[in-house]
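Working notes for the structure below.
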Amino acid sequence: MRPINILAIETSCDETSASICSNGKILSNIVSTQEIHQQYGGVVPELASRAHMQHIIPVVDAALQKAEITLKDLSAIAFTQSPGLIGALLVGAGVAKSMALALNIPLISVQHMHAHVLANLIHEPKPSFPFLCLTVSGGHTQIVKCSSPLELEVIGKSRDDAAGEAYDKTAKLIGLPYPGGPLIDQYAAKGDPFKYSFPEPQIDGLDFSFSGIKTAILYFLKEKQKEDPNFVEKNLNDICASIQHRINSILLSKLKKAATQTGINEICMAGGVSANKGLRHSLQELGNKMNWNVYVPPFEFCTDNAGMIAITGHYKFLSGELAGLDISPEAR
Ligand code: KG4
Ligand code: ZN
C-alpha cells in the first residue's frame, strides 16, 4: 500500500520550519530560526513575515531532500492555521495551499497548540490515553487532557502572561537579551533557587497567572539596586535560580492538582519552556514522588517545529479531517 506522506509547514512565529512524516514517522524536521529579532528584544511581526517569505521554499526543499521524498510521493500538505502572527501564518498558508492545488492533494489545517501536545506522540516511549500535557510556550500556558490524538480539552490556562513570556520579560528586567528563557536556565544552574523568594499567585482551580511575578521582580530589583547599583551583576546566578524556581513551582503545583483531580498519571510536557533543565528535572522528581509516567519530547520537538505539525496532520489525514482551499489563517 502507498505510504501516507505528509509535508508540514510551520510559520506561526519566528521559526520557518518544514517536515516530512511517512506513516507517522518523522523523516525530516528542518527549522530555520530568525536571528534578526534579537537586536529588537522581541519578535517584530513585519520582519518575521519577510524572513518566512525568504526561507520557506529552501526549507521545504531541504525537508523533502533529507527525507528522500519527491513532490509526487506526497499524500497531503499540513500547515499551521492558528494561533500566531497573522502575517507569518499567511506565508505558510499561502505556500501550503499553492502546493496542495498544484499537486492536487488534500490540505490539512493544524492548530499550533494541539501540535505541541502531539509532539509527545513522535517518539517512543509514547504516553497512553488519556494523558495530561503541560504545554508551556512563549504565547500559551495550558494543561490539556488528551483522550485520543484528536480529542483534546484545555482544563487549565494562563489568565495573563504565558510561562515563556514570564521568563522572557523577567530576563529583560535583569538585562538579558531576547529570548531570555534559555539564558535564565543557564545561569540558574549555578545559583541558589531559595536565595530570594517571590510570591506564588493565589488563583483558584487549574488556571495560572504570571503577571504578578513580573511586577514582584521589578520592585525587588528597584529596591536592591537602590542599595547597590551592581546588585544584578553580583547575584545573577541566584536571581535567575530564584526566578526559575518560582515560575516552575507555579507550573508544577497546578499540574499536580490537575493529575489529582483527574486521576490521570500519564503526564507529558510540551512547548519551548519544556526545554528548561530545571523544569525537566523538577517534573521528573515530582513524577517519581507521585508515581506518574513522565514524557518530554526531544528538544527539537519542544520548541516550534514542523515535525509536530506533521504528526498532527498524519492523525487528521487518517480520520479524514481535511481543509478546503478557501481556509484562512487566524491569529487567535
Ligand atoms: O514553543 P516556543 O518555541 O514558541 C512559541 O510557540 O511561543 O516557545 C518559546 C519560548 C520562549 O519564551 C523562550 O524563552 C522559552 O520558550 N524557552 C525557555 C527555554 N528555551 C526556550 N524558557 C526557559 N528555559 C529554557 N531553556
Ligand atoms: Zn509554539
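Order of appearance sets the numbers: ligands from 1, and atoms from 1 within every ligand. It should be emphasised that the depicted structure is a prediction, and the values quoted were computed from it without experimental measurement. Positions are given from 1, in the same order as the sequence printed here.
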Identified salt bridge (charged side-chain N to carboxylate O under 4.0 Å, His left out) counterpart of K214 within the set D161, D160, D168: D161

Atoms in ligand 1 flagged as close to A275, the criterion being non-hydrogen separation under 4.0 Å: 20 (N), 26 (N)

Donor + acceptor pair across side chains of Q81, H112 (<3.5 Å): no

Ring center gap for F198 and Y219 short of 6.0 angstrom: no

Atom 22 (N) of ligand 1 - nearest protein heavy atom and its distance: G181 CA, 3.5 Å

Donor-acceptor pair between S12 and E10 side chains, under 3.5 angstrom: yes

Proximity winner for atom 23 (C) of ligand 1, if only heavy atoms of N276, I247, L183 are counted: N276

Minimum heavy-atom distance between G92 and I9, given as atom pair plus value: CA-CG2, 3.8 Å

Given E46, H52, Q54, the one that forms side chain to side chain donor-acceptor pair (under 3.5 Å) with R50: E46

Closest protein heavy atom (residue, atom, distance) for atom 15 (C) of ligand 1: V273 CG2, 3.9 Å

Minimum heavy-atom distance S75-R2, with the two atoms named: OG-NH1, 4.1 Å

Residue C13, metal the Zn ion (ligand 2), N/O/S under 2.8 Å: no

Nearest-contact summary for atom 17 (N) of ligand 1 - protein heavy atom, Å: G272 O, 3.6 Å

For atom 3 (O) of ligand 1, closest protein heavy-atom neighbour: D304 N, 3.0 Å

Check: S17/N305 side-chain N/O donor and acceptor closer than 3.5 Å: no

Sub-6.0 Å ring centroid separation between F317 and Y315: no

Proximal ligand 1 atoms for G164, defined as those under 4.0 Å from one of its heavy atoms: 12 (O)

H123 and F301 aromatic centres sub-6.0 Å: yes

Where ligand 1 meets G139 - atom numbers and elements under 4.0 angstrom, heavy-atom basis: 7 (O)

Sub-4.0 Å atoms of ligand 1 with respect to non-hydrogen atoms of H116: 1 (O), 6 (O)

Per-residue contact class, H112 against ligand 1 - non-hydrogen pairs under 4.0 Å: side chain

Proximity of D168 to ligand 1 by residue part, where a heavy atom lies under 4.0 Å: side chain

Which of the ligand 1 atoms, numbered from 1, are nearer than 4.0 Å to a heavy atom of T303: 3 (O)

The Zn ion (ligand 2): angle it makes with NE2 (H112) and OD1 (D304), nearest 10 degrees: 90°

Identity and separation of the nearest protein heavy atom to atom 26 (N) of ligand 1: D185 OD2, 2.9 Å

Which residue and heavy atom of the protein sit nearest atom 9 (C) of ligand 1, plus the separation: G138 N, 3.7 Å

